[in-house]
Amino acid sequence: MNTTLLSGLNPPQLQAVTLPSQSALILAGAGSGKTRVLTTRIAYLISTGAVSPHEILAVTFTNKAAKEMITRLSAMLPINTRGMWIGTFHGLCNRLLRAHYREAALPQTFQILDSGDQLSAIKRVMKAQNVDDEKFPPREMQNFISGSKEQGLRAHDVEAFDPYTRRKVEVYAEYDAQCQREGVVDFSELLLRCYELLTRNTALREHYQERFKHILVDEFQDTNHLQYQWLKLLAGGGVTGSDVQRHTSSRQDRHSLFAVGDDDQSIYAFRGANVGNMKDLLRDFKVEAVIKLEQNYRSHGNILDAANALISNNRNRMGKNLWTQALGGEKLRVYEAPTDVEEAGFVVNEIRQLKSDGFKLAEIALLYRSNAQSRVLEHALVSAGLSYRVYGGLRFFERQEIKHALAYLRLMQNTDDDNALLRVINFPTRGIGARSIEQVQESAQMHGTTLWDAAARAGGKVSAFVGLIESLRSATAALPLPEIMDHVLVHSGLLEHYQNEKGAKKREAEERLENLKELVTAATLFVHENEDDSLTSFLTHASLEAGEHQAGDQEDALHLMTVHASKGLEFNAVFITGLEEGLFPHQNSQRVEGGLDEERRLMYVAITRARRRLYMSFAQRRMLNGQVSYGAPSAFLKELPEALLQWLSARAAPRNPFASFGYSSPVTPVQAPQQKEIAGAVWKTGQSVMHQKFGAGVVTGVEGRGNDGRVQVNFKHAGSKWLALEYAKLTAL
DNA sequence: CGCACGTGGTTTTTT
DNA sequence: ACCACGTGCG
C-alpha cells in the first residue's frame, strides 16, 4: 500500500485510521485533523484491499463536506470516486429511493420540496381543512411534521391526548396524503421513506447491509434520531439483532460503524440534533474503541486555553482536553464600544492594521450570533472600501426567480405537482386571479383530481396556461438540458417580465435576469459534470444543493458569517462581535432546557476558529429591531481567564469578579426612590421593582440619572437586564 | 385583478 | 430597521 498515506499522522490519528474492522467513536476536537482522519481511513481501507470502494458508505452533513471528502480521496488514491456512496444523509437516501422508486411507492420522477415548498404545501392543506392558522401557525405545523418524521413517527404513530394535538395529527396525515398524490417528498420524508423501505423490504435491506462493509459518519454529534436509526439499520442493527448470529462469518465486517464527532461542537440541538446518539452508539454497538483526537493543529496556546476554560463550564461532556504544541501567542483582544456603530468602526480600524501587517482579507473572519448584525458591519466596511463576502443568507436555488423557472420545469415533468402549478399559473401575470384559481381548486376537489386536470377542464385563460405548459414540454422534449432551460425562460414569459420592469424595481429585475442567466450556466455545468444529465436529476440537484453563489470566490475578501456558519472553517484572525447578554448568549436560549450550554458550545466553536489572533468585542448599546437596547457584557467573557485577555478599550478589566464589569459602579441616587413613579425616577441598587413585561425584580446597577440613565434589574423570571429609564416602565414595590 | 399600504414578527440552519 | 405577508382599494 501507499506508505505516504499514513505519514505525518500522530499516534491517536494513526490508531483511528488503521483500526481493524470494528465500530468506533472518534472524539475529534476542533482543529484536530478530523476530516483528514476520515478520508485517510477510507483510503487506508481501500488501499489495504480490505474493501473495495463500492463497499463503503460515507455520510456527511453538508454537500460541501461531501465534495471535500471526494476531492481529498481522489488525491490520495487512483480510484474513480464517482460510483462511491459518499454524500449527505439526504443525498444518499435520494439515491436509494431513485434506484428503488417502485418499492418505495414513488413516481420515477418524484421531486423534492425544500422548506419553503413544504410550508406552502402545509398552508394549502390547512386551508382545505379549514384549520385556523391563528391557533395553528403554519410554521409550527411544519416543525411538528418535520419533528415527528425525524423521530420516525408517522401521523398514526403520534400520541395525541388532547384535541389540539389531534388536530395537528390530522393535518400531518392529510399533508402526507397530499404529497403522495402530488408525487413530492420533503427533506425528512427522504430519510423516513428510505428508512421504512429498508425496514419493510428484507431483501433490499440485506443487500445493502451486505454491501456496505464500512459505514463512516462525519459530524456524528449532529445526527438526529432518525438518522441514527437509519445508520443502525444499515450497519446491521447493532449487535443485539438475532440476524447477526446468522452471519457469523461476515460478522466482523458487518458492524463497522466509524463515527467521528465532537460533543463540544454540537450546536444544532435546536433543529433536532441529538448528542445523546454518541453515548447510544457506545452502548448499541458495544464500542470498545473510543479514540480521542486532542492535539490541536490550528490555534495558538492562548486561544486554546481560553476555549478550554470556557467549555469546562458545561456539564455532561464526554470529556476531552485540547492541547497544542504551539506557543501561547498573542493575548485575546477585548474591546468595549459605546455603540454598535463604534464597534464596527473598531473592527474596520483593526482590519486596516491587520492588512498593513500582511494579513490577507480572506484570512480574516467577522463572526456574529445573528444575521441581522451583519448590517452595521457591512456599512462600515463599505465606507472603508474593504471588500467582503457575506456567507449564508439567501441561496441561489432559493431565489424567487429561480424557483419560478424551476416550477415550470417541474410542472412540465410532473403535472401532478400542485405546488409548482400554483407558483406559476399566474406568474408572469396572465390574468388568472385568486378567484379563478379558487375555482380550479374547487373543481379539483369536487372531481377528486389534481389541479392540472381541473385546469385542463376549465376554459379561457386557465386552459391556455395548460396549453402553454404542454407546448413547452413538446418543444423541449428532444433538447439537452441547457436548451430546455433557455427555451422555457423565453417562452414562459419570465425573461420578458423582468425585462419590462421599470422604475424602482428596475435594479432588482436586472439582478434577477442575471440570476436566470446563471441558471442556464448552472444547467450547462451540470450536464458537463454529471453522467445522469436528465431534467429530473437536475431538479433534484437544485433541491438538495441549494448552492452557494460561487461568484467572486477568488477575490481577496473578508468573510462575514454567523458563528453557526463558521463551523469547520478556520482563519488567521477572527473577530467575535456583539458579545452581549441577550445577544450572545441569545435571549431566547434561556427558555430552552440546556440552552445556555448550547450557546456556550457556540462560543467555543467561535473561539476555536482562530489560528493566531482573536478579537472579541461588545457594545454598551445597539440598535436592535429598530430600538436602542442595552446589554451587559456577555457572561462568556467572564468565563475566560483574565490573564489571557488584553483589554483594548479604555476601561480596564474589573477588579471585583462580582461586579458587572465594564461598567462604573452604581451611582448614588440624589433623592430617595419614590413609590409608583413611572419614568424619571431615581433608583438605587437593592430596590425591588415591578416591570410590565418582565415582572418583579431587584435593581442591581444604576448608570446616569433621570431619563438619560439606565438601570440594571435582575428579574425573578426574565433574568438580568439593563433598561433605559426613558422607555422602561418601572414601578417601585 | 393588481397594486399600495399596513401590520406583525424578528436566533441559529442544512437538507 | 426591515421584511414578509395580508387586506383593501382603484
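Not measured: the values here are computed from a predicted model. Throughout, a chain's letter reflects where its sequence line sits, starting with A, and its residues are numbered from 1.
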- So do the side chains of A:N224 and A:N277 get within less than 4.5 Å of each other, counting heavy atoms only? no
- Task: Side-chain contact test, heavy atoms from C-beta onward, threshold under 4.5 Å: evaluate it for A:Y368 versus A:F575 and give yes or no.
- Result: no
- Do A:I311 and A:M603 come close enough that some side-chain heavy atom pair is under 4.5 Å? no
- Look at the rings of A:Y172 and A:F144 and say which category their plane angle falls in: under 30° parallel, 30 to 60° tilted, over 60° perpendicular. perpendicular
- Item | Crowding at CZ, A:R154 (>12 non-hydrogen neighbours, <6.0 Å) | yes
- Item | P atoms of C:dA4 and B:dT13, separation to the nearest Å | 16 Å
- N/O (side chain, A:N625) to phosphate O (OP1/OP2, C:dC2) under 4.0 Å: no
- Message: From CG of A:N274 over to P of B:dT14, roughly how many Å is that when rounded to an integer?
- Response: 20 Å
- Contact list for DNA chain B against residues 126-140 of chain A - heavy-atom distance below 4.0 Å: none
- Query: B:dT13 phosphate, OP1 or OP2: any side-chain N/O from A:N371 under 4.0 angstrom?
  - Reply: yes
- For A:E598 and A:Y268, the nearest pair of non-hydrogen atoms, with its separation, is OE2-N, 3.7 Å
- Query: What nucleic acid atoms does A:F584 come within less than 4.0 Å of, heavy atoms only: base, sugar-phosphate, or nothing?
  - Reply: nothing
- Query: Which part of the nucleic acid, if any, lies within reach of A:F61 when heavy atoms closer than 4.0 Å are counted: base, sugar-phosphate only, or nothing?
  - Reply: sugar-phosphate
- Rounded off to whole Å, could you give me the CZ-to-P distance for the A:F187 and B:dT15 pair? 8 Å
- Message: So for A:S543 and B:dT15, does any side-chain atom that can act as donor or acceptor lie under 3.5 Å from a complementary atom in the base?
- Response: no
Distances under 3.5 Å between nitrogen or oxygen atoms of protein and nucleotides 2-7 of chain B:
| unit_1 | atom_1 | unit_2 | atom_2 | d |
| --- | --- | --- | --- | --- |
| B:dG2 | OP2 | A:N426 | ND2 | 3.1 |

- Item | Contact under 4.0 Å: A:R271 side-chain N or O vs B:dT11 OP1/OP2 | no
- Message: For a quick check of understanding: with a heavy-atom distance under 4.0 Å over all strands, which category does A:S436 fall into, base, sugar-phosphate or nothing?
- Response: sugar-phosphate
- Task: Check whether NZ of the Lys or CZ of the Arg A:R622 lies under 6.0 Å from the centre of the six-membered ring of A:Y630 and within 45 degrees of that ring's axis.
- Result: no
- Distance only, no hydrogens: is a donor on one side chain within 3.5 Å (strictly under) of an acceptor on the other, for A:H559 and A:Y391? yes
- Item | Between C1' of B:dT14 and NZ of A:K64, the distance in whole Å | 13 Å
